[in-house]
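Here is the structure we will look at.
Here is the naming used below: chain letters follow the sequence lines, and residue numbers restart at 1 for every chain.
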2 protein chains.
Amino acid sequence: MTFSSPGAGPLTIGEAERHSGVPKETLRVWERRYGFPAPTRDAAGDRLYTVADVEKLKRMKALIDAGERPAQLAGLGIDELAARAPKPAPANDAVGEWVEAALDRLRRHDVDGLRDLLQAGIYARGLERFVQDNVAALTRAVGEAWVGGRLQVYEEHLFTEQLVRVLRGALDGLPRPPAARPRVLLTTAPGEPHALGLLMAECLLTLGGARCLSLGPETPPEQIAGAAAAHDADVVALSFSGMFGEAAARAFARDLRGQLPATTELWAGGACAGLADLAQDGVRPLVNLADIPEALAGWRFAAARKER
Amino acid sequence: MTFSSPGAGPLTIGEAERHSGVPKETLRVWERRYGFPAPTRDAAGDRLYTVADVEKLKRMKALIDAGERPAQLAGLGIDELAARAPKPAPANDAVGEWVEAALDRLRRHDVDGLRDLLQAGIYARGLERFVQDNVAALTRAVGEAWVGGRLQVYEEHLFTEQLVRVLRGALDGLPRPPAARPRVLLTTAPGEPHALGLLMAECLLTLGGARCLSLGPETPPEQIAGAAAAHDADVVALSFSGMFGEAAARAFARDLRGQLPATTELWAGGACAGLADLAQDGVRPLVNLADIPEALAGWRFAAARKER
DNA sequence: CGTGGCAGTTTGTCCAGGACAATGAGCATG
DNA sequence: CATGCTCATTGTCCTGGACAAACTGCCACG
């Protein structure tokens, strides 16, 4: 594995895969079919991608994950791709203005100001509404700004870091009675590194009186099943971001469902498309964050009926 | 992408890659050269790996990352692989006993007890010595226990999660004067998802009076350079875990060094082998955590001399 | 007019078997 | 003992083809 110089010089296919998220096989087949990317070759005949190639690949992947088709996208320029990005909704209400203020501080690199604004949001609206409204709107806005090329990658990293910090701090302040029910095991599938959704869910679940245990991201299914058994979990909750493939999410959830005892519920939430269809497979889809309190109430109702 | 059923049934080569961490190309070439793994085929001729194959692959990868060679390992059984794992050092001193106590709670799934023990360690020894001695020894012990098959993957996840929680909490309690110097930008290279080392470094740096800004893991080099410029960083600090390749680490550090202004120092720490050689490339290697206060003092000395 | 099934197209993943550059090991020489 | 050289080991990349799953558009039917 050589890292070459992704900043100035050309990247190998492996580096292009890591930086863009598009697998090697797919890069080669796109080249064959659509003529993009069209990398030069080094002395050994290995492909060399430019930074601009990788930048365009990232945009393409974001749009494909949002439902577009590669054949339509490959011929477009980088600015035309940005034009296809979903338009940022105008800021009309209070949350919208708050989101704009946060984005503004992010763009001006005012890290402390951003953190203060996040923290102030919690105090002003309470943690539950903050997570459900402000955080949800803000992460969407940041994602859209990134796809549209109005935000650097490092600015997104910075944003995530500050949000994690504030949410973790809030979570530490909540009471966590050890005997609370349901006991919820939180994690993501392998290949899904985004842990922010997990943290948001943990906030709402803990607020709702559940006992949360987070494994962090990327736990293999048999390990999830093992952990659920060891910790006597009533519910396993998964988070799938919008970047995660629909088919992969369904296959993973179905597989995990098969490995869990029938008495353990499986919940799945996040921005991933087609989540609602999971209901057929014995998985409870949480299409938006407001479904979490509902799901908790549902579990408690069922548990109470079983008691009798 | 199908996820199949890694718990019960056979896995495709892509799933085997995701679950074992060994790339597809390497799986095929190992099969050709060493005869392991020897997957069956489905009707279409695609490889089908068993769960046992993947389990052995995980162990092999762990040992290879620790310096063993694949040709020696491929012929061994799963128990012989476990026997090759480094022996856990006997617990003689106070830290050793504390580590044993923590491992014990982890194995008994006493999450609250583990967190209390971690927290108590901070109070008893102070954050600086806690991070330098206890956390360093504990993470090493957990890594060894995992390679030796004495710890499940999910137990390791659980451990990391609790440690992150406690360290983040401690960090929130530290004063962070906005004007403090040096200003340190923290992150890892793409392909290095482990953020624990980053968090430990952030603790020690903040204790040492530096102003830290963490980007979280996996920031591309040009983005690091951009962030360093935007935030007027005096130092960029990278963390490379033991899983990260030596050559890749060097190439990445050298590349980044070239993109940073000469007045910005570049520090690199972590368990990655061959880190010390980076000194030739204008990178300051931090071979163990105790080097961090030293590096800070060195920067302050140089900065003071420049003032005059 | 809506709905379900069917053929055609698009798309991602996998295969074989060869090649090569970088790393590490073993050995000879100063 | 240190340094340099050669050889074996190892991971990554190549080509060009194949195929199954998902999605499209179309038509017939209720």
Side-chain angles (χ1 to χ4, degrees), chain A residues 1-4 10-18 20-34 36 39-49 57 60-61 63-75 191 244-251 254 273-274 277, chain B residues 1-4 10-18 20-34 36 39-49 57 60-61 63-75 191 243-251 254 272-274 277:
Chain A
M1 198 202 301
T2 49
F3 243 97
S4 178
L11 304 93
T12 69
I13 195 169
E15 295 159 357
E17 164 172 356
R18 273 189 295 279
S20 71
V22 181
K24 286 193 271 280
E25 295 95 332
T26 304
L27 287 174
R28 285 194 271 256
V29 94
W30 280 4
E31 179 181 343
R32 206 192 309 164
R33 288 179 186 155
Y34 316 123
F36 175 86
T40 58
R41 305 298 183 112
D42 69 4
D46 290 7
R47 291 172 174 80
L48 292 178
Y49 295 85
L57 285 169
M60 281 180 66
K61 177 160 170 48
L63 289 172
I64 289 167
D65 287 333
E68 306 247 8
R69 324 269 324 243
Q72 322 294 321
L73 267 34
F244 205 78
E246 184 175 342
R250 194 177 320 172
R254 205 176 307 169
D277 302 344
Chain B
M1 198 199 310
T2 49
F3 244 97
S4 180
L11 303 96
T12 69
I13 194 170
E15 293 159 359
E17 163 173 356
R18 273 190 295 279
S20 72
V22 180
K24 288 192 271 279
E25 296 95 332
T26 305
L27 287 174
R28 285 195 271 256
V29 92
W30 280 3
E31 179 180 344
R32 208 192 310 166
R33 288 179 184 155
Y34 316 123
F36 175 86
T40 57
R41 304 298 182 114
D42 69 3
D46 290 7
R47 290 171 174 80
L48 291 179
Y49 296 85
L57 285 169
M60 281 181 66
K61 175 160 170 52
L63 290 172
I64 289 167
D65 287 334
E68 305 247 8
R69 321 276 318 248
Q72 323 294 321
L73 267 34
M243 321 240 87
F244 205 78
E246 185 176 341
R250 192 177 323 171
R254 204 176 308 169
C272 180
D277 302 345

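- In this model, the phosphate group of dT13(C) is not approached by any side-chain N or O of Thr12(B) to a distance below 4.0 Å at OP1 or OP2.
- The nearest whole Å value for the distance from the CZ atom in Arg41(A) to the C1' atom in dA21(C) is 17 Å.
- Considering CD of Gln72(A) and OH of Tyr34(A), their distance stands at 9.0 Å, rounded to 0.5 Å.
- When all heavy atoms of Lys61(A) and Gly21(A) are compared, the closest pair comes out as CE-O, 3.5 Å.
- One finds no side-chain N or O of Arg69(B) lying less than 4.0 angstrom from the OP1 or OP2 phosphate oxygen of dG24(C).
- With DNA chain C read from its 5' end, the first of the two nearest nucleotides for Ala44(A) and Leu48(B) is the one closest to Leu48(B).
- Computed from coordinates, the Ile64(A) CD1 to dC23(D) P distance equals 14 Å when rounded to whole Å.
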Under the side-chain contact (heavy atoms from CB on, under 4.5 Å) criterion, do Phe36(A) and Leu57(A) qualify, and how do the steps go?
CA-CA 9 Å; Phe36(A) 175 86; Leu57(A) 285 169; 3.9 Å; yes

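- The Arg33(A) side chain lies nearest to dG12(C) when the options are dC15(C), dC13(D), dG12(C).
- For the pair Thr26(B) and dT12(D), the criterion of a side-chain N or O lying under 4.0 Å from OP1 or OP2 is met.
- Here dC23(D) presents its C1' atom at 15 Å from CD of Glu68(A), a figure rounded to the nearest Å.
- Glu15(B) places its CD atom 8 Å from the P atom of dC14(C), with the value rounded to the nearest Å.
- In this structure, Arg47(A) atom CZ and dA19(C) atom P are separated by 18 Å, rounded to whole Å.
- Straight-line distance from the CG atom of Leu63(A) to the P atom of dT11(C): 14 Å, rounded to whole Å.
- Across dT12(D), dG12(C), dT10(D), the shortest atom-to-atom separation from the side chain of Ala71(B) is found for dT10(D).
- Taking side-chain N and O atoms only, Trp30(A) has no distance below 4.0 Å to OP1 or OP2 of dT11(C).
- Here Tyr34(A) does not reach the OP1 or OP2 of dT10(C): none of its side-chain N or O atoms lies under 4.0 Å away.
- Within the structure, every side-chain polar atom (N or O) of Arg28(A) is placed at least 4.0 Å from both OP1 and OP2 of dG17(D).
- The distance from atom CD of Glu17(B) to atom OG1 of Thr12(B), rounded to the nearest 0.5 Å, is 9.5 Å.
- A distance of 5.0 Å separates CD1 in Ile13(A) from CG in Leu27(A), rounded to the nearest 0.5 Å.
- Where Asp46(B) and Val29(B) each meet DNA chain C at their nearest nucleotide, the meeting point lying more 5' is that of Asp46(B).
- Following rounding to the nearest Å, Ile13(B) (CD1) and dC14(C) (P) show an atom-to-atom distance of 7 Å.
- Distance from the side chain of Arg32(B) is smallest for dG18(C) among the nucleotides dC15(C), dC13(D), dG18(C).
- At the phosphate of dC13(D), OP1 or OP2 sits under 4.0 Å from a side-chain N or O atom of Lys24(A).
- The interatomic distance linking Leu73(A) (CG) with dT10(C) (P) rounds to 15 Å, in whole Å.
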